[in-house]
Engineer: 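Before I ask anything, here is the structure I am working with.
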Amino acid sequence: MKAARLKELGVPAGIGVDAALGGVKQAMKSGQTVEDVEQAILAVVDAPKLLTEDEVWGNLARTIVRVTEARARFSGRDEAAPWQQWGDNFEPAAIDQMAQACKLPISVAGALMPDAHVGYGLPIGGVLATDNAVIPYAVGVDIACRMKLSVLDLLVPDIVAYQEDLIEALEKETRFGTGCTFKPGRQHEVMDDPAWEEIPILRKHHNKAAKQLGTSGGGNHFVEFGVLEVLSEDLGIGRGKYVAMLSHSGSRGTGEKVAKHYSALARQLHPELPEELSHLAWLDMDSPEGREYWQAMELMGRYSAANHELIHKHVVDHLGCEVLAGVENHHNFAWKEAHKGREVVVHRKGATPATNGVLGVIPGSMATSGFVVRGKGNEEGLNSASHGAGRAMSRVEAERRFTWAEANEFLKKKKVHLVSGGLDEVPMAYKDIEAVMAAQEDLVEQVARFEPRLVKMAPSGKVSSRRRKERQQRKRK
DNA sequence: ATGTGC
């Protein structure tokens with residue numbers, strides 16, 4: 001049974017739905033039909049106080065009572081925290097999510113970046129400063145998702161001349177797709193961090209995390225080679241054209257488990273939040289839960305950095321070249337920063353840190369420009385910028401609307417060789433990166449422009465997992 | 001962005 005149906009039946013969103021799903025599972029196991037289950041849920045919703053001791057539905061009944069009482073006591077704030085947007089090419093729902101986030105009692109200020117689109121709780125491209133509280137879903141599911149660019153001592157024509165070697169390096173030295181691992185795993189001292197032992201959710205996933213070190217994952221993640229046109233002296237290598245390698249990856253499966261674990265915990269601690277705020281449940285920074293999340297989040301930060309470090313090290317070693325310069329940054333993370341003289345927690349969910357003088361990387365798409373940028377320290381913009389061009393449509397919509405014939409035409413025109421990737425990631429599915437950059441001229445300065453030439457991404461998710469299953473089934477036979 | 005239980 002889906003969450004939407006449970007809400008139709010009157011189950012409160014968030015922990016109400018969580019509790020209901022538990023009951024549904026139990027009832028279905030004991031052989032009840034969907035109709036029986038729906039009747040039972042209606043009865044609980046109608047009179048939860050009568051059913052708090054019920055064997056199957058007691059937890060749902062108690063949760064509804066708790067949520068109802070807490071929400072009755074909750075009163076929103078009189079005035080939302082101030083926020084501004086950069087650009088005007090947004091879905092109304094993304095703007096609404098930003099506005100809702102600023103109504104949280106803990107919110108201090110917000111900023112919506114020009115690549116923003118709808119996400120869980122806070123939009124992707126949303127920045128939120130809070131007072132002594134951290135919101136797991138305002139950091140994002142892929143905690144510490146990160147960009148890393150290395151300038152290599154190759155010549156621009158080498159991208160074509162040594163194309164086969166570059167492809168081989170990508171194929172052998174990282175992995176793509178949901179659930180991908182290295183066997184045997186890559187080695188890195190980040191795996192010896194004491195936090196893996198101290199925090200149960202980390203201990204549980206330590207093994208998987210070890211196997212996923214150095215992998216790139218799926219979705220919009222990629223590793224690519226391209227031409228970097230350096231426009232300023234910031235990188236310390238002089239102006240001109242260079243070959244660079246750019247990777248986009250994060251904390252893989254472990255980060256997701258951490259995000260979901262603490263978000264569920266935060267929701268349990270905040271039954272008072274109305275439905276539209278329920279995905280924005282927070283943890284107090286002074287509470288044991290908040291401190292533990294922060295510790296886990298920071299480890300995910302070091303883990304993600306190690307991930308990129310290994311990808312670059314192994315690819316560079318494979319090619320036998322040298323690294324001349326580099327830039328890297330998280331774009332799903334939270335930081336303790338000063339805002340207008342006050343210490344706040346700044347959540348950047350799909351947003352690049354852009355404190356004055358700080359360098360960052362903003363990718364476009366597989367066949368449009370990316371940028372190395374220098375922050376301008378715009379205080380109203382919460383020292384942030386976009387983390388890319390931003391999706392112009394959903395993945396499903398992109399798969400429906402475009403064909404590979406069109407996409408290949410685009411790639412050919414831009415001289416991009418796509419080793420693998422999904423139709424849901426084609427450039428036409430993204431907003432215009434030039435317009436996005438123009439909308440944030442007061443947030444960042446352009447330091448270099450990057451043109452992708454040789455790109456590897458995960459092949460389209462659903463297809464590959466179906467094929468994997470079919471292969472496994474064939475093996476069994 | 002990510003897998004997991006059927």
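Proteins come first, then strands; the chains are lettered A, B, ... in the order of their sequence lines, and each starts at number 1. Reckoned from all heavy atoms, side chains included, excluding hydrogens, waters and symmetry mates.
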Engineer: Kindly assign one of parallel, tilted or perpendicular to the pair Y120(A) and Y137(A), based on the angle between their ring planes and the thresholds 30° and 60°.
Structural biologist: parallel
Engineer: If we check salt bridge (charged side-chain N to carboxylate O under 4.0 Å, His left out) with R391(A), which of these qualifies: E91(A), E425(A), E397(A)?
Structural biologist: E425(A)
Engineer: Between dT2(B) atom C1' and I124(A) atom CD1, what is the distance in whole Å?
Structural biologist: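 In whole Å, dT2(B) C1' lies 13 Å from I124(A) CD1.
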Engineer: On DNA chain B, nearest-nucleotide positions of K29(A) versus V141(A): which is more 5'?
Structural biologist: V141(A)
Engineer: Using whole Å, what does the distance between atom P of nucleotide dT2(B) and atom OH of Y120(A) come to?
Structural biologist: 14 Å
Engineer: In whole Å, I'd like the distance from the CD1 atom of I201(A) to the P atom of dT2(B).
Structural biologist: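 Distance check: I201(A) CD1 to dT2(B) P gives 17 Å.
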Engineer: Thinking salt bridges, do R186(A) and E173(A) make one under a 4.0 Å N-O criterion?
Structural biologist: yes
Engineer: Inspect the contact between K7(A) and E275(A) and indicate whether a charged nitrogen and a carboxylate oxygen are less than 4.0 angstrom apart.
Structural biologist: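 Answer for the salt bridge query: yes.
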Engineer: Which whole-number value in Å describes the distance from M457(A) CE to dT2(B) P?
Structural biologist: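 Value for this atom pair: 11 Å.
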Engineer: Examine dT4(B): is either OP1 or OP2 under 4.0 Å from a nitrogen or oxygen in the side chain of K257(A)? Give yes or no.
Structural biologist: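 The answer is yes; a side-chain N or O of K257(A) sits under 4.0 Å from OP1 or OP2.
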Engineer: Starting at NZ of K211(A) and ending at P of dT2(B), how long is that distance when rounded to a whole Å?
Structural biologist: 16 Å
Engineer: Rounding to a whole Å, what distance do you find between D142(A):CG and dG3(B):P?
Structural biologist: 10 Å
Engineer: May I have the distance from D424(A) (atom CG) to dT2(B) (atom P), rounded to whole angstrom?
Structural biologist: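 Distance check: D424(A) CG to dT2(B) P gives 12 Å.
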Engineer: Could you work out which one of dC6(B), dT2(B), dG3(B) sits closest to the side chain of K208(A)?
Structural biologist: dG3(B)
Engineer: Rounding to a whole Å, what distance do you find between Y137(A):OH and dT2(B):P?
Structural biologist: 14 Å
